[in-house]
Amino acid sequence: MKTSFWLLDINYEMMDGCPQIHLWGLDNRNKRILAIDRSPTPYFYLLLKKGKDVNDVAQAVLKVARSLKDILDVTIVERRYFGKSAKVLKITCKDPDHYSINRLARKLTKIEGVEMALEDDIRFSTQYLLDTGITPCGWYELGGKEVENNLGAQVDSVYLITQPLKPVEITGIPNLTILAFTILWCNQKAIVVSMTTNTGEERELIANDTDDKPVLEGFIRFIREYDPDIIFGYDSNRQWHNLLERAKNLGLTLSIDRMGTEPHTSIHGHISVTGRTNIDLLDFAHELEQVKVKTLSNVAEFLGVKVEGEYIEEMDIPSWWKTKAKRKELLNFAKADASRIIGIGNTMLDYILELSHLVGLPLDYVGRAATGFRVENYLLREARSLGELAPKRVERPYFPYTGGMVMAPKSGIHKDIAVLDFKSLYPNLMILYNLSPDTYVDMKEKISEDQVYIAPELGHRFRKTPPGFYKHILTGLIGARDRIHQKMKSHPVNSFEYRLLDARQRVVKIITNACYGYAGWLGARWYLKPVAEAVAAWGRATISKAQDKAKSLGLEVIYSDTDSLFVKYDSRKIEALTREIEEELGLEIKPDKVYRRIFFTEAKKRYAGLLPDGRLDIVGLEVVRGDWAPVAKDVQERVLEIILKEESVDKALEYVHQFLSDFRKGKVPYKDLVIWKTITKPLEAYKAHAPHVEAARRLIEAGYKLTLGDKIGYVITKGKGKLYQRAIPYQMATYDQIDLGYYISNQILPPATRILEEFGIKEKFS
DNA sequence: GCTTTACTTGTACCT
DNA sequence: ACAGGTACAAGTAAAGCG
């Protein structure tokens, strides 16, 4: 029997002492399927010490292994390690539990002739995905026989896999059932739950005064009944924990997964719902850098998800609950939140699926996984297809190295400035000079100069051939992206296929660009400082040559940062420049945009430019920073706008005066005075008193629960003492307590005068 | 004992 | 928990002053 199968979720379970892989997914007729694979066995490798005979060591290992009943087999296999082929021992085990594997690996590592264990730190289900080449959110041909559903799984069919899954070329995703839920915590005993599905079903549950058991029961019932493939939530990882605790106290089992068991915290720290996918959209909201404060409504608004209805602050929920007449409003509010969640989920789903598909991390984990682990999982997959063993993750000391080059800008206003960008500079340098841990030539090693590329400034050497690991990876990714772009041309822009392909190319780009950072990340398996260091050094050499060429062509360079050049817009000279660079350096540089007018202070990484269509690009300045009061950002933005568009410093000055006068009269709303800053470490770890930290302490005193990474919104109030003593959480202060003077002298004026000063305005505002 | 200066801490940005 | 380079505010300690 053969059928097309789309993979949603993977886990393993022990059955009669043997592990079996469970693949959950959908077939091409939209039936829910559980496919069971009993064939895989857990394993790890032993790398041998140099000069040791593989048979001798194998014998020694076998001797020890025989005394350990958990080891099934020891075989000699041929693999590669940092590009060199190596005979290694493959140890097949009985128990996939990682503690058990680690224990065995440690024991066998002690044997004479064994250098170290490898891949003992890769989990069983990950090994399975790597070995089979299967990746979530993709289509496969499933060969197997249908068996009886005696596990109680909530699916249409259960299959036993008899042939390896084969990838199938299908663009598209099955018709997934999706549910979004949100929960309002009204008091210790009452909750409101709202659920919305992608088929338009809605369910709202509201507790009575003292008992929310019926609400939880209704929640469980509806999930089982609707049987969603994906469960969207916002901050739902926290919600699940609270729910599980609540259910426990009520003596309920939150049996909402497809095995009739409760959601559980997986090894990676996210909440896993077996057979379904739990996606916390807050994880993905962190990737939206433009949204500074990640509230559900802010993110929804940014993504253009429009939902009607009144907004209730989380802190106000209990008081709304207390007022019985207002309880219905809570229901409406929860309903609106659920709609926001499904709206956000719908706009991000393509991206999430493609990300999971490309890097191969399970759908419910990929959002939680940091960039480094996303890149790493992709590398693991590629390594496997090359027969490369994964290096161990090891602790390393931190020694910083020099990065990109930034030129001090020529300050003031410039007209008609083009921005030239090197296209994917770092990835292309890694390809061009074959920069990789496996091509690096150690200081001690003798090799003729014409066989290596030598890094400028540093002298690090890298073999020209054969292609290194990163070169292989990056050429593959860049090629794949080109092919996707090609494919996109054959689909209308509004089509489903186009959208999916667009998401795919975006994901490929993100992973491509993250490879350099990954190579210099201490936590990376494929870390090598000289690699990252050499990339940056070649980058500096490249941009510096580009600058010289520009100058010699008579193009004045206004500013430059890492891989970009700001030059006078002169299309003939720019064309000559890009051609020369391409010929001599083998790298592509092209005009990205042209500013009609651009403004720099003396500071690097900060400017504002006027585009031909009248839009303002503001970079680095307070306007785009999340840690200034909105009032300060607004004034600076308006000043820049007047100066760049209306070209009148006097007008800008007049505007500031008028604004201050209004401000003193209290015409600016309270919310525009709130300053937001992130708590980046446990409060007790702070050495200095900082306003946002003190405000956070006050919140905790008032009973709020804070997590690392939370943003604290505070205002500065009148009174005596240091600033940090006058910083009060915005929820706990009122307008009449505000120190307007502080806002004028420390928030509004500094960013505004920074701009005006460039025009010789030294006015003392008061 | 007060003010000025120099350095440290902390955050968020840019490529 | 992808890199380093940068700006800037506020806290804090040291230096300068009389």
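Here is the naming used below: chain letters follow the sequence lines, and residue numbers restart at 1 for every chain.
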Residue mapping more 5' on DNA chain C - nearest nucleotide basis, R606(A) or N513(A): N513(A)
Between P on dC14(B) and CD1 on I618(A), what's the gap in Å once rounded to a whole number? 11 Å
Protein-nucleotide distance (W628(A), atom CH2; dA7(C), atom P), rounded to Å: 15 Å
Checking all strands, does A532(A) fall into the base, sugar-phosphate, or nothing category for heavy-atom contacts under 4.0 angstrom? nothing
Categorize V624(A) for me: base, sugar-phosphate, or nothing, with a 4.0 angstrom heavy-atom threshold over every strand shown. sugar-phosphate
Of I712(A), V293(A), D627(A), which is the lone residue that meets side-chain contact (heavy atoms from CB on, under 4.5 Å) with W676(A)? V293(A)
Please check: side-chain N/O of D364(A) versus main-chain N/O of I279(A), any donor-acceptor pairing under 3.5 Å? no
Return no unless some side-chain N or O of Y607(A) is found under 4.0 Å from OP1 or OP2 of dT15(B). yes
Scan G517(A) against the nucleic acid and name what it touches under 4.0 Å (heavy atoms): base, sugar-phosphate only, or nothing. base
Interatomic distance, L474(A) CG vs dC2(C) P [rounded to whole Å]: 17 Å
Would you check if the side chain of R726(A) reaches a backbone N or O of T717(A) as a donor-acceptor pair within less than 3.5 Å? yes
Counting side-chain heavy atoms from C-beta on, which of dG4(C), dC2(C), dA9(C) comes nearest to P750(A)? dA9(C)
Assess whether side-chain contact (heavy atoms from CB on, under 4.5 Å) is satisfied between Y686(A) and H692(A), documenting all intermediate values. CA-CA 11 Å; Y686(A) 282 92; H692(A) 71 296; 4.0 Å; yes
How long is the line joining OH of Y686(A) and P of dT9(B), in whole Å? 14 Å
Scan K681(A) against the nucleic acid and name what it touches under 4.0 Å (heavy atoms): base, sugar-phosphate only, or nothing. sugar-phosphate
Of the nucleotides dC14(B), dT9(B), dG11(C), which one has an atom closest to the side chain of K687(A)? dT9(B)
Would one find more than 12 heavy atoms of other residues, nucleotides or ligands at under 6.0 Å from atom OH of Y569(A)? no
Between P on dA10(C) and CZ on R726(A), what's the gap in Å once rounded to a whole number? 10 Å
Does E584(A), at its CD atom, have more than 12 non-hydrogen atoms belonging to other residues, nucleotides or ligands within less than 6.0 Å? yes
Between C1' of dC2(C) and CD of E287(A), the distance in whole Å: 13 Å
Let me know the distance between CG of D627(A) and C1' of dC14(B), rounded to the nearest Å. 14 Å
E119(A) side-chain N/O to A390(A) backbone N/O, donor-acceptor pair under 3.5 Å: yes
Among dC8(C), dT15(B), dT12(C), which nucleotide sits nearest the side chain of R754(A)? dC8(C)
Distance check: side-chain N/O of Y742(A) vs OP1/OP2 of dA10(C), anything under 4.0 Å? yes
Would you indicate which nucleotide in dT12(C), dA10(C), dC2(C) comes nearest to any side-chain atom of H689(A)? dT12(C)
Short side-chain N/O contact to dA9(C) OP1/OP2 from N746(A), under 4.0 Å: no
How would you label the contact of V375(A) with the nucleic acid (heavy atoms, under 4.0 Å): base, sugar-phosphate, or nothing? nothing
Is the phosphate of dG4(C), meaning OP1 or OP2, less than 4.0 Å from a side-chain N or O of T402(A)? no
Hey, is the side chain of K605(A) poking within less than 4.0 Å of OP1 or OP2 on dC13(B), counting only N and O atoms? no
Side chain of K722(A) - closest among dC2(C), dG10(B), dT12(C): dT12(C)
By nearest atom, which of the nucleotides dG10(B), dA7(C), dG4(C) is closest to the H692(A) side chain? dG10(B)
Side chain of V406(A) - closest among dT12(C), dG5(C), dC14(B): dG5(C)
So which nucleotide from dT15(B), dT6(C), dG11(C) ends up closest to the side chain of A688(A)? dG11(C)
Distance in angstrom units between L458(A) CG and dG4(C) P, rounded: 14 Å
Under 4.0 Å between a side-chain N or O of K711(A) and OP1 or OP2 of dT11(B)? no
Is it true that R606(A) and E758(A) make a salt bridge, defined as a side-chain N closer than 4.0 Å to a carboxylate O? no
Taking 4.0 Å as the cut-off, does a side-chain nitrogen or oxygen of T678(A) come that near to OP1 or OP2 on dA12(B)? yes
Can you tell me which nucleotide in dC13(B), dG4(C), dC2(C) comes closest to the side chain of T371(A)? dC2(C)
Tell me which nucleotide among dA12(B), dA7(C), dG11(C) gets nearest to the side chain of R625(A). dA12(B)
Base, sugar-phosphate, or nothing for G523(A), non-hydrogen atoms under 4.0 angstrom? nothing
Reckon Y398(A) touches a base, only the sugar-phosphate, or nothing at all at heavy-atom distances under 4.0 Å? sugar-phosphate
By nearest nucleotide on DNA chain C, pick out whichever of M405(A) and W521(A) is the more 5' one. W521(A)
